[in-house]
**Student:** 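Here it is, the structure in full.
Every chain is numbered from 1, with letters handed out A, B, ... down the list of sequences. Note that this is a predicted model, so its numbers are computed, not measured.
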Amino acid sequence: MHDFRVLRDQVDQLRSAMRRRGKLEALAPLIDRGVALDVERRAMIQAVEERKATRNANTQEVARRKKARENADTLIAQGRALGEEIARLEEELQVAERELQAILLELPNLPLDEVPEGDETQNRVEKTWGEPRPGAGLKPHWELAEALGILDLARGAKVSGSGFIVLRGMGARLSRALMNFFIDVHTREHGYEEVWVPVVVNRASMVGTGQLPKFEDDMYGVAGEDLFLVPTAEVPVTNLYRDEMLEGSELPRSFVSYTPCFRKEAGAAGKDTRGLLRLHQFDKVEMVRYTTPEQSADEHERLTRNAETLLERLGLPYRRVLLAAGDTGQSSAKTWDLEAWAPGVGKWLEVSSCSTFTDYQARRANIRYRPGTGEKPRFVHTLNGSGLAFPRLIACLLEHYQQPDGSITVPEALRAFLGTDVIR
RNA sequence: GGACGGGUGGCCGAGUGGUUUAAGGCGCACGCCUGGAAAGUGUGUGUACGUGACAGCGUACCGAGGGUUCGAAUCCCUCCCCGUCCGCCA
């Protein structure tokens with residue numbers, strides 16, 4: 001969410017940001033309406049407050065006269081009239097403020113300057129690590145996994161529906177191994193605090209991180225309750241400090257959390273849906289950081305490196321992609337995607353997405369910090385990134401490490417966690 | 001799920017319709033005192049919005065929302081959360 005003030009002194013900047021996202025045409029009417037509403041709003045505030053000041057003075061005089069046993073009937077009648085007028089004006093003001101608020105919640109974050117303009121065709125590969133294995137003669141992960149008996153797509157579909165999977169035996173154990181490996185590295189080497197959080201959250205949390213109100217169709221809700229299944233641990237972890245004031249001296253703060261993630265993926269039907277490529281439920285270890293505005297760029301790089309480190313330890317070739325403005329999420333100001341190479345399907349698969357949200361989420365969720373004693377509170381910057389998401393990573397692991405006999409060589413770093421050096 | 005008791009400023013805590021424009025304390029800041037410090041002592045110290053010269057002025061905020069009233073932290077209603085006990089339960 002943006003400050004009201006962008007609609008007064010940064011409208012041009014706002015318009016140009018929307019243009020870079022390719023959304024100016026769609027959002028221009030909203031922006032224009034917002035600018036007008038801001039002016040109206042201020043005029044109404046002045047009208048209401050002027051009358052309230054009069055009422056307060058009137059009330060004091062009534063109190064004084066009552067105490068002195070003087071007649072106050074006229075003043076009381078005036079007060080009643082004022083009260084009615086105030087109620088009417090306040091209602092108008094409330095209507096305007098709600099509309100303005102709704103507009104501000106709709107507008108996406110401003111992309112940072114270095115983010116390329118345009119849609120996903122303008123995404124920029126910033127670097128590549130490792131040698132992508134040639135795909136000739138290699139099988140896709142779903143064939144490998146089902147042959148090994150570690151993935152049961154049919155029964156997942158039977159129990160829940162398409163897009164839900166069952167992992168079995170070493171497949172199930174592989175998920176548990178990845179969770180432990182990732183979290184151990186982040187807590188022991190990267191300085192994160194491990195948290196275990198609810199995967200059902202309330203509406204305020206979903207609004208805080210930006211999933212609502214705009215993307216309700218993509219979220220699973222709980223019938224009869226105003227609760228939602230988390231699409232990512234970003235939601236509960238970022239909302240840990242919603243409506244709180246942190247001390248500047250304790251920033252940056254870093255959290256890592258494993259959760260299952262639930263997404264309807266509405267509108268994505270038929271696109272990259274085979275095997276483990278796109279699921280309604282998947283597992284992910286997520287990193288979340290709270291920083292000062294001054295720290296956030298460095299912390300964004302550090303967080304992204306924390307995710308890359310895991311891919312390097314696993315020996316999986318990957319590339320880092322800077323998303324163009326039009327491909328950057330609603331709440332994000334800049335996003336790096338990490339894509340690992342899946343030779344069996346011949347594609348780079350997104351296994352991590354590392355974003356800085358600047359103060360966009362912090363303003364929605366009201367997360368502030370006090371830089372120092374006596375100083376004004378400021379909004380923190382929030383950042384997060386997957387470190388890492390399991391299903392596509394498993395796809396890459398299986399495809400990259402597959403042997404001619406269909407077995408899978410387990411990368412060194414995982415062996416202690418998985419208890420074997422080969423899956424057969 | 002039921003009964004009872006609670007939600008007040010960074011923290012603790014008074015306050016059941018009009019000098020509360022929230023007492024008092026802690027913490028914090030600055031000053032005095034001191035050889036220096038502690039103790040003591042004085043002053044100050046919330047957030048948001050509006051306006052304006054970063055002075056000041058105004059308005060709102062005592063869990064959230066609504067109601068009664070000339071006037072609500074205070075009375076009424078609904079909801080949320082916390083505590084204690086009971087019930088149910090992995």
**Student:** Can you tell me, in whole Å, how much space there is between the C1' of A72(B) and that of C77(B)?
**Tutor:** 15 Å
**Student:** One thing to verify: whether Glu70(A) and Arg64(A) come together as a salt bridge, which I'm taking to mean a side-chain N less than 4.0 angstrom from a carboxylate O.
**Tutor:** yes
**Student:** Please check the phosphate of G50(B) (OP1 and OP2 only) for any side-chain N or O of Arg41(A) closer than 4.0 Å.
**Tutor:** yes
**Student:** Considering every strand shown, what is the Watson-Crick or G-U wobble mate of U74(B) when both distances are under 3.5 Å?
**Tutor:** none
**Student:** Report yes if a side-chain nitrogen or oxygen of Arg5(A) is closer than 4.0 Å to either non-bridging phosphate oxygen (OP1 or OP2) of G50(B); otherwise report no.
**Tutor:** yes
**Student:** Within the structure, does a side-chain N or O atom of Asn56(A) lie under 4.0 Å from either OP1 or OP2 of U59(B)?
**Tutor:** yes
**Student:** Under 4.0 Å between a side-chain N/O of Gln101(A) and OP1 or OP2 of C49(B), yes or no?
**Tutor:** no
**Student:** At less than 4.0 Å, is any side-chain N or O atom of Arg370(A) found next to OP1 or OP2 of G46(B)? Yes or no.
**Tutor:** no
**Student:** If the P atom of C79(B) is compared with that of G2(B), how far apart are they to the nearest Å?
**Tutor:** 10 Å
**Student:** Under 3.5 Å, is there an N or O donor on one side and an acceptor on the other linking the side chain of Gln46(A) and the base of G50(B)?
**Tutor:** no
**Student:** Once you apply the 3.5 Å cut-off to both distances, tell me the Watson-Crick or G-U wobble partner of G58(B), or none.
**Tutor:** C49(B)
**Student:** Do Gln361(A) and Glu234(A) get their side chains close enough for a donor-acceptor pair, meaning under 3.5 Å?
**Tutor:** yes
**Student:** Only pairs with both distances under 3.5 Å count, Watson-Crick or wobble alike; so what is the partner of G1(B) in this structure?
**Tutor:** C86(B)
**Student:** Nearest to the Ala53(A) side chain among C70(B), G50(B), G58(B), which nucleotide is it?
**Tutor:** G58(B)
**Student:** In terms of side-chain heavy atoms, does Lys334(A) have a donor or acceptor partner in Ser355(A) at a distance below 3.5 Å?
**Tutor:** no
**Student:** Would you indicate, yes or no, if C70(B) has its OP1 or OP2 atom less than 4.0 angstrom from a side-chain nitrogen or oxygen of Arg55(A)?
**Tutor:** no
**Student:** Among C49(B), U51(B), C70(B), which nucleotide sits nearest the side chain of Ile45(A)?
**Tutor:** C49(B)
**Student:** For the side chain of Arg368(A), counting heavy atoms from C-beta on, which of U59(B), U47(B), G71(B) is nearest?
**Tutor:** U47(B)
**Student:** Which base sits across from G9(B) as a Watson-Crick or G-U pair, both distances under 3.5 Å?
**Tutor:** none
**Student:** By nearest heavy atom, map Pro377(A) and Leu75(A) onto RNA chain B; which one lands nearer the 5' end?
**Tutor:** Pro377(A)
**Student:** Any strand counts, and the cut-off is 3.5 Å on both contacts for Watson-Crick or G-U wobble. Which nucleotide pairs with U68(B)?
**Tutor:** none
**Student:** Tell me which nucleotide, if any, is Watson-Crick or G-U wobble paired with A38(B) when both distances must be under 3.5 Å.
**Tutor:** none
**Student:** Quick one, Arg55(A) and Ile86(A) - any side-chain contact, counting heavy atoms below 4.5 Å?
**Tutor:** yes
**Student:** Side chains of Thr356(A) and His300(A): donor-acceptor distance under 3.5 Å anywhere?
**Tutor:** no
**Student:** Let me spell it out: for each of Glu97(A) and Thr54(A), pick the nucleotide of RNA chain B with the closest heavy atom. Which residue's pick is nearer the 5' end?
**Tutor:** Glu97(A)
